[in-house]
Number of protein chains: 2
Amino acid sequence: MTLQTHNRPNLVAVAKAAGVSRSTVSRVINDDPNVNAATRERVWSAIHTLDYQPNRVARGLASGRTQVLGLVIPQGVATLFSDPYFAILIQGISTACSRLDYSVMLWLAEPDHERRTIHQVLHGGLIDGVIVSSMLADDPIIAALVERRMPCVLVGRHPDHPEISTVDTDNLSGARAAVTHLLRLGRRRVATITGPQNMIAGADRCAGYSLALRDAGFSADPALIVESDFTEAGGYRAMQQLLPHHPDAVFAASDLMALGALRALQHGGLRVPEDVAVIGFDDIAAAALADPPLTSVRQSIQQLGHSAVELLLTQLDGSRITGPEHRVFPPTLVVRRSCGGDPA
Amino acid sequence: MTLQTHNRPNLVAVAKAAGVSRSTVSRVINDDPNVNAATRERVWSAIHTLDYQPNRVARGLASGRTQVLGLVIPQGVATLFSDPYFAILIQGISTACSRLDYSVMLWLAEPDHERRTIHQVLHGGLIDGVIVSSMLADDPIIAALVERRMPCVLVGRHPDHPEISTVDTDNLSGARAAVTHLLRLGRRRVATITGPQNMIAGADRCAGYSLALRDAGFSADPALIVESDFTEAGGYRAMQQLLPHHPDAVFAASDLMALGALRALQHGGLRVPEDVAVIGFDDIAAAALADPPLTSVRQSIQQLGHSAVELLLTQLDGSRITGPEHRVFPPTLVVRRSCGGDPA
DNA sequence: ATCCTCGCCGGGAGCGCTCCCACAGCGTGC
DNA sequence: GCACGCTGTGGGAGCGCTCCCGGCGAGGAT
């Protein structure tokens, strides 16, 4: 029946060994102050000699919380898995969780399974809350979560749902700073390779590009804006599309796309940064290693993950009812050779 | 108390609605054949109108299995997260699980938390079994799992533990094929950049290199073997170390290292493949996009993940007691420009 | 008619905890 | 003296399921 447990000790066993009731053992485990110091000592030693480990499933059933968080990465986004973004995010969330004695359950929501998945996530009672890393503007999963009152936090802001807590990088400012930097260096035909415009981050970074141009008194040339898909191959294609319009600088909304653009420029016989300056976004490890090293807008994905966990847990705390919180982290421009100028 | 559930219906509610006992509802949910077709129908309709979803925690407590698998990626390896390997593995395992109605719980075992983590994994009762993606030869977690009789499957073979089921790529053959290919093309000073030799895969790929040389009647020159760490930067450094010894070919034990080697070669003013041929391992997406496109040994990481889940579930099945199984998948050499010759 | 089987169903017990209430014992204040 | 608190402890009830046992009626074998 029970598959793995070969008669693991339970609360009662510990209680018997320590000569107390199971309530007292439970109190000790849960750090209830109302336990005599000597008793507490006895219980702990019984716990250790028996190598007792509380059963988290039973605890979950009795208390209504499982100390497990869900991490949902919706379909479509999961296909972008070549992007280190998700790996780092998962890492950040996972380490934050284990530090706080929570576990993380992963759902890569597939197209066909998505509906069933949502149901399980919501009603299975397996998880206390959920972190959703969707950047799709119209993602149905978010509405479903709200409706079911499942505590959740979004990674990446979402304009339609101000009532949900979010953590996000200030994509707009980051993009704006990058483009402004290019303009200051004297570039006049600054192009951009955007992410999908149905992703919030994609749209925000594009908006930052436009704002920077407006700030400097330029108007955007539609021919210099190409939408792509956050992948290297997509960046390559987009750059090829841009070449006939002779940009002297390109801001790519992700490093992967910037690397693709570099490749296209090299194939086209153009020098970076002499002929075309390039700036990416994310500052992934590969950016510094590119040839030439890629200037990029750095965001701390780890920090995003940590914050998301933190926000979710305060929400679960329940002792204080807090409204939604929206944490926005400013990215920083990391200047390297690819944008020209003088990388002091 | 219960945080999220706003009076979700339970078994009893469904039973009442359908005019049967909770046992019957349970039987219906668990596809027990001993239920009258008409009754079954009534129960299902009650389930749907009430939007009932079985509580997986309660089910787990009562039945002793939670339908949750653990995925453990030990520390040290987690720092290699820039390698797409783990992202793809996670994806493969996750999709296989959700197809089979299992969930996956992620543990990135950190150094300091590792001991506690092991305990939780083993005794928490939260998971039915665990997939361990450790390639460290001396990983203590494996011994711990065996000792506790936790059902588990390793991704990557482990010489010391034949009693545990494993899935693995035939690293030795893959490496051997790559190096043999280089030798057939007339290269005579074939170097290798190995992975850490305390990782099984690293050692196996190195052994494959040596075997290929021996097959062809050459003896390995120690100066042409440099140990590295599976990263791009590591590959770069290793290649710089190799340059003074004038290799005319390099087999790198991972694509990331091969890309690093490419970069070092370019910086050193050497042409690929004219001066030095290069072959990598894994065939990650970036391999095909490299300049020149990288010949690589392709392994299907997705397939590894799927198989791991499959093996673990048959182990959990319990209806038939099966011995350990070791599935080895042959990799294939994907020939591109970086190794020279004629990529037909 | 009796026995046994078999499909179908209900209810008790229990999984291992948490939570609440009860209660003993002691001290404090009037 | 009694009322009241406060600390420390025990036990009942219950979380929402699964599993097992037992029972009921229908049908075939004897």
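Order of the sequence lines fixes the chain letters, A, B, ..., with proteins taken first and strands second; residue numbering starts at 1 for each chain.
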Side-chain donor or acceptor of [X] paired with backbone N/O of [Y] under 3.5 Å:
X        : Y        : value
A:Ser307 : A:Leu304 : no
B:Arg327 : B:Leu311 : no
A:Asp168 : A:Arg157 : yes
A:Thr49  : A:Ser45  : yes

Among [options], the nucleotide that comes nearest once only the side chain of [X] is considered:
X       : options                : answer
A:Ser63 : D:dG16, C:dT18, C:dC17 : C:dT18
B:Asn36 : C:dC8, D:dG16, D:dT9   : C:dC8
A:Asn34 : D:dC17, D:dC15, D:dT9  : D:dT9
A:Val35 : C:dC17, C:dC9, D:dT9   : D:dT9

Taking [atom1] from [X] and [atom2] from [N], how many angstroms apart are they, rounded to a whole number?
X       : N      : atom1 : atom2 : result
B:Tyr52 : D:dG16 : OH    : C1'   : 7 Å
B:Gln67 : D:dG16 : CD    : P     : 20 Å
B:Leu50 : D:dG16 : CG    : P     : 14 Å
A:Asn55 : C:dT18 : CG    : C1'   : 13 Å
B:Asp32 : C:dG10 : CG    : P     : 13 Å
A:Glu41 : D:dG8  : CD    : C1'   : 17 Å
A:Leu61 : D:dC15 : CG    : C1'   : 4 Å
A:Arg56 : C:dC17 : CZ    : C1'   : 14 Å

Phosphate contact ([N] OP1 or OP2) by [X] side-chain N/O below 4.0 Å:
X       : N      : result
A:Thr39 : D:dT9  : yes
A:Arg59 : C:dT18 : yes
A:Arg65 : C:dC19 : yes

Original post:
So among B:Val309, B:Leu312, B:Asp128, which one has a side-chain contact (heavy atoms from CB on, under 4.5 Å) with B:Tyr102?
Top reply: B:Asp128
Original post:
Residues from residues 15-30 of chain A sitting under 4.0 Å of DNA chain C, heavy atoms only?
Top reply: A:Arg22, A:Ser23, A:Ser26, A:Asn30
Subject >> Gap separating the CG atom of A:Leu11 from the CZ atom of A:Arg59, nearest 0.5 angstrom >> reply: 8.5 Å
Subject >> Polar side chain donor-acceptor pair, B:Arg40 to B:Thr24, under 3.5 angstrom >> reply: no
